[in-house]
Amino acid sequence: MAEILWVAKAKSSKLVRLTAKVWSEKILVGHSEFSLSAEYLNEVRKTIEEPEYIVEGWYQELLALRWCKIAPGGAKYLCVVYREYANEGFVITTFFISRYGKLLRRKRIWPKQTL
């Protein structure tokens with residue numbers, strides 16, 4: 001079984017996990033800026049637990065966005081891509097994004113849009 005780095009409670013109340021394998025073999029390889037600070041691991045968890053926005057992805061995944069003041073090169077949004085199943089979920093990847101407007105045009109899950 002894969003080593004779990006943390007489990008976070010998403011807005012759906014489902015428990016979302018991040019494994020050491022995904023962190024080291026996918027996120028740190030594809031987005032090396034996350035290796036610059038150990039604090040980023042906690043920022044990813046906080047983004048799942050306290051997002052500013054959650055939008056739908058193209059393939060049933062969810063994208064949680066949260067403003068990150070300690071992002072490399074200056075503050076920007078942190079986007080965590082994760083998937084939820086019946087009772088649980090898991091992180092797929094994460095990245096920093098400056099131009100997040102297109103993401104907010106997708107169906108919003110959190111906060112719900114009011115008309």
Side-chain angles (χ1 to χ4, degrees):
M1 181 143 203
E3 177 190 358
I4 296 173
L5 295 178
W6 50 249
V7 175
K9 187 173 182 179
K11 288 295 181 186
S12 64
S13 295
K14 294 180 183 180
L15 298 178
V16 176
R17 70 184 180 278
L18 175 63
T19 64
K21 182 174 183 170
V22 168
W23 181 253
S24 64
E25 295 179 20
K26 185 165 186 173
I27 295 170
L28 294 181
V29 170
H31 304 282
S32 59
E33 64 272 17
F34 284 94
S35 64
L36 299 174
S37 174
E39 290 182 64
Y40 293 147
L41 185 60
N42 191 47
E43 288 294 318
V44 173
R45 183 187 53 78
K46 281 200 263 183
T47 300
I48 295 288
E49 293 177 338
E50 303 168 13
E52 291 178 35
Y53 305 101
I54 301 174
V55 297
E56 281 187 347
W58 297 115
Y59 304 102
Q60 290 82 41
E61 73 277 12
L62 299 169
L63 288 75
L65 292 138
R66 185 170 176 275
W67 189 247
C68 182
K69 293 179 183 176
I70 62 168
K76 56 187 73 125
Y77 273 92
L78 175 58
C79 180
V80 180
V81 181
Y82 66 103
R83 183 163 285 140
E84 292 181 347
Y85 286 106
N87 298 316
E88 63 180 355
F90 60 92
V91 173
I92 298 169
T93 192
T94 186
F95 54 90
F96 292 103
I97 184 167
S98 298
R99 297 181 180 176
Y100 59 92
K102 282 187 178 182
L103 292 179
L104 296 182
R105 288 189 218 141
R106 297 180 182 200
K107 182 179 176 187
R108 250 189 238 182
I109 307 300
W110 178 267
K112 299 256 188 228
Q113 285 186 319
T114 56
L115 300 176

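Side-chain heavy atoms closer than 4.5 Å link hydrophobic residues (I, L, V, M, F, W, Y) into clusters, and following such links, even through other members, never connects Val29 to Leu18. Under a hydrophobic-cluster definition in which Ile, Leu, Val, Met, Phe, Trp and Tyr are linked whenever side-chain heavy atoms come within less than 4.5 Å, directly or via other members, Ile27 and Leu36 are assigned to the same cluster.
Salt-bridge check for Glu49 with Lys11: failed, with every basic side-chain N at 4.0 Å or more from each acidic carboxylate O.
Between the Arg83 side chain and the Tyr59 main chain, a donor and an acceptor come within less than 3.5 Å of each other. When atom types are taken as modelled, the side chain of Glu52 and the backbone of Trp67 share a donor-acceptor pair closer than 3.5 angstrom. At least one donor-acceptor pair closer than 3.5 Å links the side chain of Ser24 to the backbone N or O of Ala20. No donor-acceptor distance shorter than 3.5 angstrom exists from the side chain of Glu88 to the backbone of Tyr85, with no hydrogens or angles considered.
Tyr40 and Glu33 are not linked by any side-chain donor-acceptor pair at a separation below 3.5 angstrom, with hydrogens and angles left out of the test. Under 3.5 Å, the side chains of Glu3 and Thr19 contain no donor-acceptor pair of N or O atoms.
Here the shortest heavy-atom pairing between Val22 and Val91 reads CG1-O, 3.7 Å. In this structure, Val16 and Ala10 approach most closely via the heavy-atom pair CG2-CB, 3.9 Å. Taking all atoms of both residues into account, the shortest heavy-atom contact from Leu103 to Val55 is O-CG1, 3.5 Å. Minimum interatomic distance between Cys79 and Leu63 (heavy atoms only, all atoms of both residues): SG-CD2, 3.8 Å. Scanning both residues, Lys76 and Ser98, for their nearest heavy atoms gives CE-OG, 3.7 Å. Taking all atoms of both residues into account, the shortest heavy-atom contact from Pro51 to Trp110 is O-NE1, 3.4 Å.
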Quiz item: Leu78 and Thr94: side-chain contact (heavy atoms from CB on, under 4.5 Å), yes or no, with the steps?
Solution: CA-CA 7 Å; Leu78 175 58; Thr94 186; 3.3 Å; yes
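Once rounded to the nearest 0.5 Å, the distance linking CZ of Phe90 with NZ of Lys14 reads 12.0 Å. Note that OG of Ser35 is 12.5 Å distant from CG of Leu41, once rounded to the nearest 0.5 Å. Between Ile97 atom CD1 and Lys102 atom NZ the span is 10.0 Å, to the nearest 0.5 Å. How far NZ of Lys69 is from CD of Glu39: 13.0 Å, rounded to the nearest 0.5 Å. The CZ atom of Arg66 sits 9.0 Å away from the CZ atom of Arg45 when rounded to the nearest 0.5 Å. With rounding to the nearest 0.5 angstrom, the CG atom of Leu15 is 7.5 Å from the NZ atom of Lys9.
Aromatic ring centroids of Phe96 and Phe34 lie under 6.0 Å apart.
You'll find the side chain of Ile54 stays beyond 4.5 Å of the side chain of Arg108, heavy atoms only. Two residues are said to be in side-chain contact when any heavy atoms from C-beta on lie closer than 4.5 Å; Pro111 and Tyr53 meet this criterion.
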